Structures are given as C-alpha cells and as structure tokens.
Asks: 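Sending over a structure as structure tokens; questions will come in a sec.
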Amino acid sequence: MDRTKRIGVKYCGGCNPRIDRVKLAQDIIQPLPPGFVLTEASFDEPWDIGILICGCPAACAEKPELKSLARNWLIIAGETIDYETCSETEIAQTAAEKLKKPF
Amino acid sequence: MALKTGEQYEESLRKMNFKVYLLGELVKKPVDHPIIRPSMNSVKMTYALAHEPQYEDLMTAKSHLTGEKVNRFCHLHQSTEDLIKKVKMQRLLGQKTASCFQRCVGMDAINAVDSVTFEMDQKLGTEYHKRFVKFLKMAQENDWTIDGAMTDPKGDRGLPPSKQADPDLYTRVVEKRKDGIVVRGAKAHQTGAINSHWILVMPTISMTKDDADYALSFAAPADAEGVYYIYGRQSCDTRKLEGGEIDVGNRQFGGHEALMVFDNLFVPWENVFMCGEYDFSGLLVERFAGYHRQSYGGCKVGVGDVLIGAAALAAEYNGAAKASHIKDKLIEMIHLNETLFSCGIACSAQGHRTASGTYLIDLLLANVCKQNVTRFPYEIARLAEDIAGGLMVTMASEKDLRHPEIGKIVEKYLKGVASVPTENRCRVLRLIENITLGTAAVGYRTESMHGAGSPQAQRIMISRQGNLEQKKQLAKAIAGIKD
C-alpha cells in the first residue's frame with residue numbers, strides 16, 4: 001500500500017516576479033489529492049516532492065543545497081513548469097496532473 | 001578533428017567551391033582576394049585562439065553530445081556560466097580583431113534551432129530535433145563555421161511573404177520531393193557567408209497559414225550547387241587594393257556581408273528542420289534574435305576597447321592627453337562601453353534552461369542590451385572623432401608619406417608630439433577612421449543599429465517582456481490605491 005507522500009513548497013526571493021507565486025502555491029495545494037500531506041522543510045526527512053516556485057524563468061533558487069530538501073522536484077519558474085512553457089492560468093492544473101504521475 | 005587550427009580552417013575554405021561576385025566579377029579564389037582576405041583572417045582567429053592555453057577556457061567547451069572538447073562557437077549553452085563565457089569570448093575576439101569576426105551568427109542559430117525544434121517535436125510529433133542533433137554533431141566534429149541565415153530581402157515591408165509582388169522576396173519551398181525540398185529566394189546582409197562551411201537558414205518573421213511555404217529552416221553546404229553570393233561593398237573597401245598598410249587602418253582584419261541567393265537549391269530531408277510549421281516561426285525568430293542581441297554585448301565591447309585605446313593614443317600623440325576634457329571623454333567612452341558589457345553579462349546570468357536542456361538568455365535584458373548597442377557605439381565613435389581631431393579625415397595618403405620628395409613635407413607637417421614618429425600618428429588616426437567611418441564601421445556602427453534587428457524590434461520585445469502590470473500593482477500598493 002502506498003504511504004502518504006510528504007510535499008513541500010519553496011519560493012525564490014521574489015525580486016521581479018512575472019507570476020503570482022503565493023496564489024499559485026495556494027491553487028496547487030488547496031485541491032491536493034488524497035495521499036499527499038503538506039509539511040515543513042526538514043533536512044532530516046526530505047520531502048517526497050518539493051515544489052519550487054520562482055517568479056521568473058531564471059529560477060535562481062534552483063540550487064543544490066535547496067534541492068536536497070526533496071527527493072523529487074516540480075520546478076515552476078515564471079510561465080514555465082519543468083522548463084516547458086505554460087501560461088500562468090494553466091500552471092496549477094498542469095502541476096496537479098504531474099503530482100498524480102509517478103516521479 | 002574536433003578543433004581545427006587556423007591553418008586547417010583556411011585550408012578547408014580553399015577546398016570549397018564558392019560562387020562569389022564582387023565588383024562585377026566572379027571571384028576565383030575568395031580566400032586570397034585582398035578585399036575578402038581580412039574577413040577570413042578574423043574568422044581564422046576564432047580557430048587560432050582555441051589552441052592558446054591562455055584563451056582555452058573561453059574559446060572551448062565540453063560538448064554535451066559527445067563529451068569532446070569543441071570550439072565554443074559550435075557549442076550549445078548548458079548553463080548560465082556558458083552564456084557568460086560566450087559574451088566574454090566575444091569581447092576577447094573583438095579586442096583581437098577590431099572587427100566583426102562573423103562566427104557568432106552560427107552559434108546563435110544552432111542554439112535557437114535546437115530548443116525550438118525540440119519543442120516542435122514535443123508538440124507536433126515531428127522529428128526535426130533528431131535531424132538537427134545529427135547535423136550539430138557533424139558541425140562539432142568538423143569544427144564548422146556556420147552562417148546563421150535569417151534576414152530575407154522582405155520587399156514591401158507592409159506585406160506578408162505570401163502577398164509580395166515577387167514571391168522570391170522571402171525564402172520559400174518551391175517543391176517538395178520524396179527525397180527533399182527545392183528552395184528559392186535569398187538572404188540579405190549575410191555576415192561571414194563566404195567564410196562559412198555551412199548555412200543554417202531560419203525564417204525571418206512570425207508567419208500565418210498563408211505563409212506556410214516560407215516557414216522554413218534547413219542546413220546546406222555554403223558552396224552547394226544552387227547557392228551563390230553577391231559581395232557587399234563597404235566604405236573605403238578599395239583601399240585594400242592599393243597594397244599599403246596604413247590607409248586601410250586595420251590591415252589584417254575585417255568583416256563582410258553578402259547577398260546569398262538560393263537558385264532552386266535542393267535540400268535533402270535530413271537537413272530540413274522546419275517546413276511549413278508557421279506557428280513556430282515567431283518563436284525561432286525571437287530566440288535567435290535574443291541570442292544575437294546578447295552577442296552584441298560582447299563583440300561590440302571588444303571593438304570598443306580597441307577604439308578607446310586608439311583615442312587615448314591619439315590624444316597622447318597630439319599632445320592633448322593631460323587636458324581634463326580629454327580625460328573626461330575617455331572616461332565617458334569607458335563608461336558607455338562597460339555599460340554594454342554589463343547588459344551582455346546580465347542577460348546571460350539571468351538566463352534559463354529550456355525544455356531541450358539548452359540555456360536561453362533573459363529576453364528582456366538581451367533586448368535592453370541591444371537597444372543600448374543601437375546608441376552607445378555611436379557616442380563612443382563621436383567622442384573618438386572628437387579626440388582624434390580633423391586630421392583623421394584630411395590626412396595625406398600613405399603613398400604621399402612614402403614619396404621620395406613630398407614624404408619629408410608630410411612627415412614635417414603631420415608631426416604631433418616630437419618624440420612620436422609621424423607614421424605612428426597616421427596609423428592610429430587611420431585605425432580610428434577605419435572603425436568610425438571606414439570598412440569596420442559597417443560592423444561597429446550600422447550593424448550596431450540594424451544587426452540582430454533594428455531598434456524598434458527591441459522596443460516591441462521590451463514592451464512585451466516589461467511586466468508593466470506588476471509595476472502598476474507595486475505603485476498601487478505604495479500609494480494606498482485599493483481597486
């Protein structure tokens with residue numbers, strides 16, 4: 001039986017965001033499907049899936065030290081998700097679909 | 001042979017069968033033609049420096065395709081560090097040649113075509129990216145110079161390709177065969193075309209369904225049957241036929257452009273990377289232009305370094321170096337030049353990964369970079385002319401300086417500071433003339449204006465990328481405005 005997957009969110013610093021990062025996080029987390037639980041970051045117990053939300057495509061927060069917080073990552077950077085172009089209005093839906101698939 | 005030497009590059013060009021018209025004549029040996037040769041020397045420098053340990057870090061990269069060391073001009077950027085090194089390499093080459101060294105356009109083309117073909121295949125199920133990677137491996141293995149060919153002649157700018165009175169004014173497919181396509185049309189302003197091994201053609205504007213035959217990207221040998229060139233004139237170009245070394249300003253290096261004509265060129269399918277997918281033509285233009293606008297934050301800066309140095313020398317030879325206004329003008333030139341470099345570095349540092357893994361510059365900052373390039377070299381050139389003085393354009397010729405009788409008179413009256421030979425003063429003034437209004441001004445001035453897109457093209461991109469709505473929200477928050 002699959003165990004509950006621990007999920008967490010990290011943001012970039014937000015110097016010049018081209019998307020509403022906080023609203024986007026809420027849109028992804030609120031309808032989180034069963035089997036996922038939102039947790040705080042911990043280096044002792046990495047998340048199963050981390051969601052990195054950066055305001056622009058530069059994805060400046062995508063660094064090795066941050067990535068050790070999770071076993072797998074979903075990278076949202078401006079209007080891209082996992083480096084593919086995606087309009088802001090479609091990112092939450094696309095992220096939800098990606099979360100349901102095995103990483 | 002992943003890294004050619006300069007000599008091997010020159011030899012490889014000699015084996016090619018270019019069809020080039022220059023001053024109304026078919027050129028027999030382009031490499032040895034005195035008007036063309038300096039431009040070949042500039043490209044040759046991109047090969048030579050790759051073998052110099054002190055430049056290796058900028059000039060070479062590790063291919064992500066093969067793991068081999070390749071010339072950076074054949075490399076796909078795999079990180080923001082690669083993007084930054086590209087700009088630094090371009091500054092270095094601008095310093096070494098004081099000219100357009102021509103090879104950037106191919107590097108920018110391969111990087112743009114890579115990510116766009118990858119995304120086309122993802123969306124459409126085509127196999128362009130696989131073909132392109134095969135081509136790129138050959139380019140890296142053979143260290144090819146590639147001419148990225150984008151700009152069509154365009155005819156009536158108010159009409160799309162399919163509505164032109166002459167359908168050949170944009171490059172197009174005229175026949176699709178089982179084994180390939182037949183192409184007709186032309187590409188204008190083709191930098192370094194006659195110093196290139198291959199051509200990588202891209203569409204020139206965003207297109208609609210009616211223009212599908214013009215949504216075209218392919219590669220072809222630069223000397224393929226069905227391709228010929230009409231060489232572009234440059235200001236003062238025939239001075240290169242006089243045989244001297246002072247009046248040309250830059251005896252060794254130069255750049256060139258040509259009109260490239262496709263006269264029913266056959267291209268096998270394996271070298272076709274876009275054929276009718278008009279939805280992606282705009283994306284390819286945007287990315288190529290973005291990379292090329294980044295490039296100018298490196299190459300023009302390197303040439304600017306030489307021009308600033310020449311202006312400082314001219315001031316010394318004129319005896320004016322200690323004047324406060326001269327010092328201030330040199331400071332202003334440095335400030336402008338380094339601002340251009342800052343933009344080139346910034347758009348690289350803020351670059352990001354695309355779906356194919358290749359890194360793309362920050363498009364807003366790249367367009368800001370190029371917009372500044374449409375202005376600052378002009379001001380730097382103006383200040384250089386100011387410092388140089390009018391003699392730069394009224395000076396006697398090299399033949400007069402060498403003349404057995406009047407040479408002494410020229411020597412006497414063109415003297416500046418007593419300890420500086422008159423010939424040195426003439427040389428540095430001719431160099432400034434070369435960059436500001438001679439053959440190299442094609443690259444340093446008008447190319448700064450129109451190359452990689454005219455100023456308005458950048459302003460459109462700045463408008464699209466500028467995120468004005470977010471700025472309005474910031475103002476509302478500070479001003480206490482609640483909608």
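First the proteins, then the strands, lettered A, B, ... as listed; each starts at 1. The shown structure was predicted, so the numbers you read here are calculated from the model rather than taken from an experiment.
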Asks: Assess whether atom CD1 of B/Ile478 is packed by more than 12 heavy atoms of other residues, nucleotides or ligands within 6.0 Å.
Replies: no

Asks: Looking at CG of A/Asn16 and CG of B/Asp362, how far apart are the two atoms once the value is rounded to the nearest 0.5 Å?
Replies: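 Between atom CG of A/Asn16 and atom CG of B/Asp362 there are 8.5 Å.
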
Asks: So which part of B/Leu365 gets closer than 4.5 Å to some heavy atom of chain A, the side chain, the backbone, both or neither?
Replies: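 B/Leu365 has no heavy atom closer than 4.5 Å to chain A.
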
Asks: Might you confirm whether atom CD of A/Glu97 has over 12 heavy atoms from other residues, nucleotides or ligands at distances under 6.0 Å?
Replies: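 It does: A/Glu97 CD has more than 12 such atoms within range.
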
Asks: Testing A/Cys56, A/Pro57, A/Cys54 for side chain to side chain contact (heavy atoms under 4.5 Å, CB included) with B/His352, which one passes?
Replies: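 Per the side chain to side chain contact (heavy atoms under 4.5 Å, CB included) rule, the option paired with B/His352 is A/Pro57, out of A/Cys56, A/Pro57, A/Cys54.
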
Asks: With rounding to the nearest 0.5 Å, note down the distance linking CZ in B/Arg353 to CD1 in A/Ile75.
Replies: 9.0 Å

Asks: Please evaluate residues B/Gln122 and A/Glu84 with respect to the criterion side-chain contact (heavy atoms from CB on, under 4.5 Å), reporting the C-alpha separation (whole Å), side-chain torsions for both, the decisive distance (0.1 Å), and the verdict.
Replies: CA-CA 10 Å; B/Gln122 274 190 323; A/Glu84 291 178 19; 3.0 Å; yes

Asks: With a cut-off of 6.0 Å (strictly less than), are more than 12 heavy atoms of other residues, nucleotides or ligands near NZ of B/Lys88?
Replies: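 Incorrect, the count does not exceed 12.
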
Asks: Should the heavy atoms of other residues, nucleotides or ligands under 6.0 Å from CZ of B/Arg459 be counted, would the total exceed 12?
Replies: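 Atom CZ in B/Arg459 is not crowded, with 12 or fewer foreign heavy atoms closer than 6.0 Å.
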
Asks: Return the CG to CD distance between A/Asp20 and B/Gln470, rounded to the nearest 0.5 Å.
Replies: 10.0 Å

Asks: Should we count NZ of B/Lys134 as having more than 12 external heavy atoms under 6.0 Å?
Replies: no

